[in-house]
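Data first, discussion second: the structure below is written as C-alpha cells.
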Amino acid sequence: GYRVSLQGNFFGCNQTYMAFLEYNPRKHIKLDPPLNIQSNATASKCQIWWSVWNVPWYLAEILQYELQYKEYSMSWEVAMNKTLPSSLPQVEIEATELRSGIAYAARVRCKVSENENSYHSQWSEWSQTTVFKRADVLKVSEKILNIKTMQYLFIPLSFVSLLYLFWNCKLSQKALPALTFPRQLLSFSHSIVCTMGILR
C-alpha cells in the first residue's frame with residue numbers, strides 16, 4: 001500500500017494532512033467508459049456490442065457491465081437496467097421486451113466485478129448511446145392471407161397457361177414433331193408441381 005498526504009500553505013504556515021494512512025490503488029479503480037457501442041435489431045432480438053479501451057487484459061476478464069435502455073423519447077430516469085452476468089462485451093435483448101416500431105436508445109458502463117477480491121472499482125461513466133428499432137413482424141393472419149391469395153391466383157393462371165400451350169401446340173402441330181406437345185405438357189406439369197411445393 002501507499003501513504004497519501006496533502007501539503008499546503010495556510011495562513012503562512014506549511015501544514016500536512018494525512019488523506020490515507022494506507023492507500024491501495026487496486027481498491028480505487030475507475031475505468032474509462034466503453035467505446036464503439038453498436039446494435040443490430042431484428043424481428044426476434046436486438047444484439048448490442050461494444051469495446052473497452054485502456055484496460056489491462058487481467059482486468060478485462062473480470063469486468064462487469066450494466067446495460068441501460070429506454071424508448072428514445074423517454075428520460076433515462078425511467079430506463080431499464082440490466083447487470084450482465086458475463087464479462088463479454090455484448091448482450092442480447094429479446095424482442096418481447098421491445099415494442100414494435102418504437103426507437104430505443106441504449107448505453108453501457110463497466111467496473112471490476114463485485115465477486116473479485118483482489119481489485120475494487122466504482123462504475124465508469126456511461127458510454128455513448130446506440131439507437132435501434134425492432135423490425136416489424138408479419139402477422140400470422142397476413143401470412144395466411146398472402147398464401148390464400150397466391151393459391152386463388154394460381155388456379156386461373158394455370159388454366160390460362162394450359163389453354164395457351166394447347167392452342168400454341170395445335171397451331172404448330174403440322175410444323176413440329178409429334179413429341180413437341182407431350183414435352184411441353186410435361187414441362188408445364190413439372191412447373192405446376194414445383195409451384196405447389198413452394199406454396200406449401
Exercise. Measuring from E116:CD to K111:NZ, what's the distance to the nearest 0.5 Å?
Worked result: 12.5 Å
For this session: Apply salt bridge (Lys or Arg N to Asp or Glu O under 4.0 Å) to the pair K30 and E125, showing each step before the final yes or no.
Result: CA-CA 9 Å; K30 184 172 182 179; E125 300 297 327; 2.7 Å; yes
Seminar exercise, completed: Residues passing the salt bridge (Lys or Arg N to Asp or Glu O under 4.0 Å) test with R26, sequence neighbours excluded, are none
Check: residues 48-63 side-chain donor-acceptor pairs under 3.5 Å, at least two apart:
| unit_1 | atom_1 | unit_2 | atom_2 | d |
| --- | --- | --- | --- | --- |
| S51 | OG | L35 | O | 3.3 |
| S51 | OG | N36 | ND2 | 3.3 |

Exercise. Is the shortest heavy-atom distance from the side chain of T83 to the side chain of N81 under 4.5 Å?
Worked result: no
Seminar exercise, completed: Those residues at least two apart in sequence (or on a different chain) that pass side-chain hydrogen bond (donor to acceptor under 3.5 Å, both in side chains) with E92 are K45, Q47
For this session: Apply side chain to side chain contact (heavy atoms under 4.5 Å, CB included) to K133 and list each qualifying residue two or more places apart in sequence or on a separate chain.
Result: A103
For this session: Kindly indicate whether the side chain of W126, heavy atoms from C-beta on, has any atom under 4.5 Å from the side chain of E66.
Result: yes
For this session: Could you grab the distance from atom CZ of R134 to atom OG1 of T42, nearest 0.5 Å is fine?
Result: 9.5 Å
Problem set entry | In one Ile/Leu/Val/Met/Phe/Trp/Tyr side-chain cluster, 4.5 Å: I102, I93 | yes
For this session: Might you point out which heavy atoms bring T130 and S39 nearest each other, and give the distance in Å?
Result: OG1-OG, 2.8 Å
Problem set entry | Heavy-atom side-chain proximity of K82 to L84 below 4.5 angstrom | yes
Problem set entry | W76 side, atom CH2; Y69 side, atom OH - distance, nearest 0.5 Å | 11.5 Å
Problem set entry | Residues in side-chain hydrogen bond (donor to acceptor under 3.5 Å, both in side chains) contact with Q64, at least two apart in sequence or another chain | none
Exercise. Any link between V91 and M80 through a network of hydrophobic side chains (Ile, Leu, Val, Met, Phe, Trp, Tyr) touching at under 4.5 Å?
Worked result: yes
Exercise. Can you tell me how far NZ of K70 sits from OH of Y104, rounded to the nearest 0.5 angstrom?
Worked result: 11.0 Å
Exercise. With a 4.5 Å limit on heavy-atom distance, are the side chains of S87 and S113 in contact?
Worked result: no
Seminar exercise, completed: Across all chains, not counting sequence neighbours, the side chain to side chain contact (heavy atoms under 4.5 Å, CB included) partners of A41 are C46, F132
